[in-house]
Amino acid sequence: MHPVPCRVRSVVRELDDTFTLDLEPPSDGWSFVPGQFTMLYAFGVGEVPISISGDPGDPTRLVQTIRAVGPVSDALTSVAVGDVVGVRGPFGTAWPMELAEGRDLIIMTGGIGLAPLRPAILHTLEHRDRYNNVTLLYGARSPGDLLFAEQLQQWRGRFDLEVLITVDHADRTWRGPVGVVTSLIGRASFDPETAVAMVCGPEIMMRFTIQELERAGMTEDRLFVSMERNMKCGIGLCGHCQLGKFFVCKDGPVLSCAAMTGACWTREV
Amino acid sequence: MSEVFDLLVEHPFFKGMSAEQVRVVADTGTPVSYREGQTIFSEGGHADACWLLLGGDIALELQTPGHGPQVMQTLHAGEILGWAWMFPPYRWHFDAHVHSDTEAIRFDGPRLRDAAEADPVLGFELMKRFTRILVDRMQSIRIQLLDVYSTPR
Amino acid sequence: MSEPLVIDRQGVDALIAVLIDRGYEVVGPTVRGQTILYDTITSTEDLPVGIRDRQEAGSYRLEERGDDALFGYVVGPQSFKKYLTPPGTVFWKGLRTEDGFETVEADPPPRHAFFGARPCEVAAMRVQDDVYLPVGDGVYTERRERSFTVAVNCTEPAATCFCASLGTGPAVSDGYDIALTEVLSGEHHFFLAEAGTDIGEDVLADLSARPAHDEEVVGARRLVVHASDHMGRSLETDGLQELLSANLANSIWNEIGNRCLTCTNCTMVCPTCFCSTVEDRQALDGSSAERVRTWDSCFTLDFSYIHGGPVRSSPGARYRQWITHKLSTWQDQFGSFGCVGCGRCITWCPVGIDITQEAAAVRERDIRKVAVGIPSVKEVLE
């Protein structure tokens with residue numbers, strides 16, 4: 001339960017309240033798989049779960065994207081280059097990168113939900129030959145709230161990745177689609193009989209997305225979501241993150257909709 | 001006319017309708033094209049048509065004082081533009097602004113209504129399809145209203 | 001293990017003395033402010049001699065028994081989890097350094113002998129073992145491995161007891177070093193002492209105890225069997241796991257929620273509840289910080305808080321979380337019930353919400369049964 005002090009190499013302000021930290025990894029040979037998170041510790045303030053948003057193929061960097069929503073994340077987003085933050089982990093389950101091999105892959109995400117999916121996208125691009133059509137459907141609040149905007153622009157320029165972006169609110173200067181992220185499903189090319197979908201965003205957005213993907217012909221066993229619950233320990237011990245029978249910190253955060261057996265449809269579970 | 005029919009009979013929106021029903025609908029349709037920057041209809045105007053978009057992008061906009069046009073939703077190839085032709089008093093609720101050059105089939109609203117009144121079976125087939133559009137847009141607007149991506153504090 | 005021995009009260013005192021002599025801090029039941037709590041004891045004088053507890057939903061009273069029984073009561077509000085995962089345990093200390101910060105290990109814990117542990121208590125420790133030991137929780141593991149358990153079989157269950165339903169009592173079956181059974185009838189007052197482990201046997205060997213006669217063993221066993229037939233409450237466990245997982249949408253939860261004060265008492269007194277939180281205590285000058293683990297409860301609003309608000313805001317959802325965890329999802333997670341039938345949550349609930357009654361009420365109003373229970377027109381006509 002001891003955090004490893006890790007030095008901050010760089011801090012990038014992504015949005016008004018969202019920052020990406022590039023940290024020295026806790027140890028040589030440290031690695032993670034797409035979908036995992038760490039517990040980040042701000043000295044004397046506390047610890048919060050933060051998803052890893054970096055490249056799983058680059059073990060020399062621990063990249064984490066944090067939105068300031070409370071005292072600990074405020075402290076973590078106020079660090080300067082050279083400061084030290086505590087790291088425990090990585091914890092949790094991975095996106096089903098292997099299951100998706102040889103299939104079409106739909107990555108649907110909203111808001112800051114793009115951060116935990118970026119490692120999956122980077123992994124896919126590094127091993128592009130293993131996957132059929134890969135489509136990123138991303139919804140944001142407004143054109144100014146697009147996370148990783150530069151990288152999105154780069155990805156849009158690729159021929160082997162379809163990137164569709166929509167926003168909830170825009171004026172005429174935004175040339176792209178306006179509407180919820182599910183409105184993009186009809187424009188993605190995928191075989192609903194075999195495709196795998198990875199979904200991350202606010203819970204309401206995920207529920208809405210699951211329904212729409214099922215309507216498009218996909219089945220629960222190929223729909224994966226990253227759930228958010230109050231994670232305190234990361235090892236299934238403190239009890240806070242329980243979602244039905246799952247400890248989201250160790251049985252999740254990535255869960256298949258089939259495994260959840262409707263838990264996400266029941267109120268206040 | 002057969003060109004429109006050939007397009008419609010293959011189109012997912014009309015899937016499940018008989019060839020004869022599609023022919024009746026196709027009879028009311030005309031191929032049209034719009035240039036980027038054009039306004040197809042304006043809020044408050046008489047709603048006398050709907051469009052099946054074949055290519056291009058349309059923005060549904062609301063004019064807001066001080067902020068200019070705000071885009072509520074965009075529509076793209078394969079989608080239907082316009083449902084106000086179905087319900088009195090037949091007035092448009094938004095502006096339809098052409099975001100990029102657009103190809104479409106324009107259906108005549110009054111003739112569609114007449115056809116639906118004359119053949120309730122056809123009318124119900126059309127009603128099912130347009131209701132689906134209304135439900136989808138209402139669900140979308142609900143989620144947009146929740147502003148789920150904002151930072152809660 | 002060797003045959004059962006017989007000791008008297010002096011023998012029990014000798015047992016406590018041997019444990020102290022071997023370096024254990026002996027903790028057991030003792031009267032504190034009209035309640036039996038666990039605290040350090042040094043002789044049988046510290047035990048609640050001749051005391052009985054009267055327990056009912058929302059009620060707990062001590063009274064004189066009129067005899068010299070050492071164990072004439074059942075369980076009080078505390079369990080031995082207060083020693084195994086003490087609230088306020090410092091996980092580690094952090095010191096600010098030139099270079100950032102470094103962490104320092106906490107001090108090693110004392111060795112406890114849990115004296116007078118009821119079978120449900122012993123079962124609860126084994127339930128907690130399955131939670132803490134596999135993940136290698138240092139605080140628990142170290143304390144647990146260094147501990148010694150003197151169990152006491154139950155002969156007079158309380159009105160709130162239902163261990164027989166869960167197979168966790170009234171006889172201790174496993175997980176003890178020494179088990180005692182108190183026999184008090186007329187002139188006879190003795191304790192049957194049995195070892196459960198080698199170290200238990202070793203400790204017993206230090207006492208001057210004689211082997212028990214057959215009739216003494218039979219008599220003691222009979223008292224425990226009698227207790228089994230006189231449980232104050234019962235819990236139907238057949239199909240319970242599925243019952244609760246299928247009834248998340250039952251309207252009963254809101255009704256219980258209307259009574260529940262979300263005071264957290266049930267979780268604090270529960271010997272298996274393990275939920276905890278860790279907070280930082282920082283020195284005023286910022287030079288050091290401690291990570292301190294305290295008990296937490298699924299009944300607090302804060303418990304399920306994610307940015308924006310709690311996941312379980314209604315009391316009904318929080319009660320549902322608690323009871324489904326105890327009696328259903330615990331099975332999925334650890335392969336056992338998270339309930340040992342000790343009845344504490346019933347006694348210490350200020351409004352008397354009773355886990356056995358509520359489980360029965362859900363069974364009564366099973367939404368699956370109600371759904372399929374509506375007869376078809378054909379059935380009615382026939």
Chemist: For C:Leu95, is it the side chain, the backbone, both, or neither that has a heavy atom closer than 4.5 Å to a heavy atom of chain A?
Modeler: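 Contact with chain A involves the backbone of C:Leu95 alone.
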Chemist: Could you pull out every donor-acceptor pair under 3.5 Å between chain A and chain C?
Modeler:
from: A:Met1; atom 1: O; to: C:Trp92; atom 2: NE1; distance (Å): 3.0
from: A:His2; atom 1: ND1; to: C:Thr103; atom 2: OG1; distance (Å): 3.0
from: A:Arg7; atom 1: NH2; to: C:Asp99; atom 2: O; distance (Å): 2.9
from: A:Arg7; atom 1: NH2; to: C:Asp99; atom 2: OD1; distance (Å): 3.1
from: A:Tyr41; atom 1: OH; to: C:Asp280; atom 2: OD2; distance (Å): 2.5
from: A:Gly44; atom 1: N; to: C:Asp280; atom 2: OD2; distance (Å): 3.3
from: A:Glu47; atom 1: OE1; to: C:Arg291; atom 2: NH2; distance (Å): 3.1
from: A:Glu228; atom 1: OE2; to: C:His307; atom 2: ND1; distance (Å): 3.2
from: A:Asn230; atom 1: ND2; to: C:Phe303; atom 2: O; distance (Å): 3.0
from: A:Asn230; atom 1: ND2; to: C:Tyr305; atom 2: O; distance (Å): 3.3
from: A:Cys238; atom 1: O; to: C:Ser276; atom 2: N; distance (Å): 3.1
from: A:His240; atom 1: ND1; to: C:Phe303; atom 2: O; distance (Å): 2.9
from: A:His240; atom 1: NE2; to: C:Ser276; atom 2: O; distance (Å): 2.8
from: A:His240; atom 1: NE2; to: C:Asp296; atom 2: OD2; distance (Å): 3.0
from: A:Gln242; atom 1: OE1; to: C:His325; atom 2: NE2; distance (Å): 2.9
from: A:Gln242; atom 1: OE1; to: C:Gln333; atom 2: NE2; distance (Å): 3.1
from: A:Lys245; atom 1: O; to: C:Gln333; atom 2: NE2; distance (Å): 3.2
from: A:Arg267; atom 1: O; to: C:Arg320; atom 2: NH2; distance (Å): 2.6
from: A:Glu268; atom 1: O; to: C:Arg320; atom 2: NH2; distance (Å): 3.2
from: A:Glu268; atom 1: OE1; to: C:Ser313; atom 2: N; distance (Å): 2.6
from: A:Glu268; atom 1: OE1; to: C:Ser313; atom 2: OG; distance (Å): 3.3
from: A:Glu268; atom 1: OE1; to: C:Ser314; atom 2: N; distance (Å): 2.7
from: A:Glu268; atom 1: OE1; to: C:Ser314; atom 2: OG; distance (Å): 3.4
from: A:Glu268; atom 1: OE2; to: C:Ser314; atom 2: OG; distance (Å): 2.9

Chemist: Which atom pair, heavy atoms only, marks the closest approach of A:Gly139 to A:Val181?
Modeler: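 Heavy-atom minimum between the residues: N-CG2, 3.6 Å.
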Chemist: Taking A:Ser53 for its side chain and A:Pro116 for its backbone only, find out whether a donor-acceptor pair lies under 3.5 Å.
Modeler: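 Not at all, since once roles are kept as given, no pair shorter than 3.5 Å links the two residues.
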Chemist: Going from OG1 on A:Thr109 to CG on A:Leu117, what distance comes out if it is rounded to the nearest 0.5 angstrom?
Modeler: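 Going from the OG1 atom of A:Thr109 to the CG atom of A:Leu117 covers 5.5 Å.
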Chemist: Please flag which part of A:Val45 lies under 4.5 Å from any non-hydrogen atom of chain C: side chain, backbone, both or neither.
Modeler: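 Contact with chain C involves the backbone of A:Val45 alone.
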Chemist: With distance as the sole criterion, is a donor-acceptor pair present between the side chains of A:Gln64 and A:Thr20 under 3.5 Å?
Modeler: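 No, no side-chain donor-acceptor pair sits under 3.5 Å.
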Chemist: At what distance, to the nearest 0.5 angstrom, does CG of A:Leu146 lie from OH of A:Tyr138?
Modeler: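 With rounding to 0.5 Å, CG (A:Leu146) is 5.5 Å from OH (A:Tyr138).
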Chemist: Heavy atoms only: give me the nearest A:Pro26-A:Val87 pair and the separation to one decimal.
Modeler: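 What the structure gives for the nearest pair is CG-CG1, 3.8 Å.
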Chemist: Side chain from CB out, backbone as N, CA, C, O: work out which of these in C:Val139 comes under 4.5 Å of a heavy atom of chain A, or both, or neither.
Modeler: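 No part of it gets close to chain A.
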Chemist: Determine the minimum heavy-atom distance between C:Gly286 and A:Phe43, stating which atoms define it.
Modeler: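 It is O-CE2, 3.6 Å.
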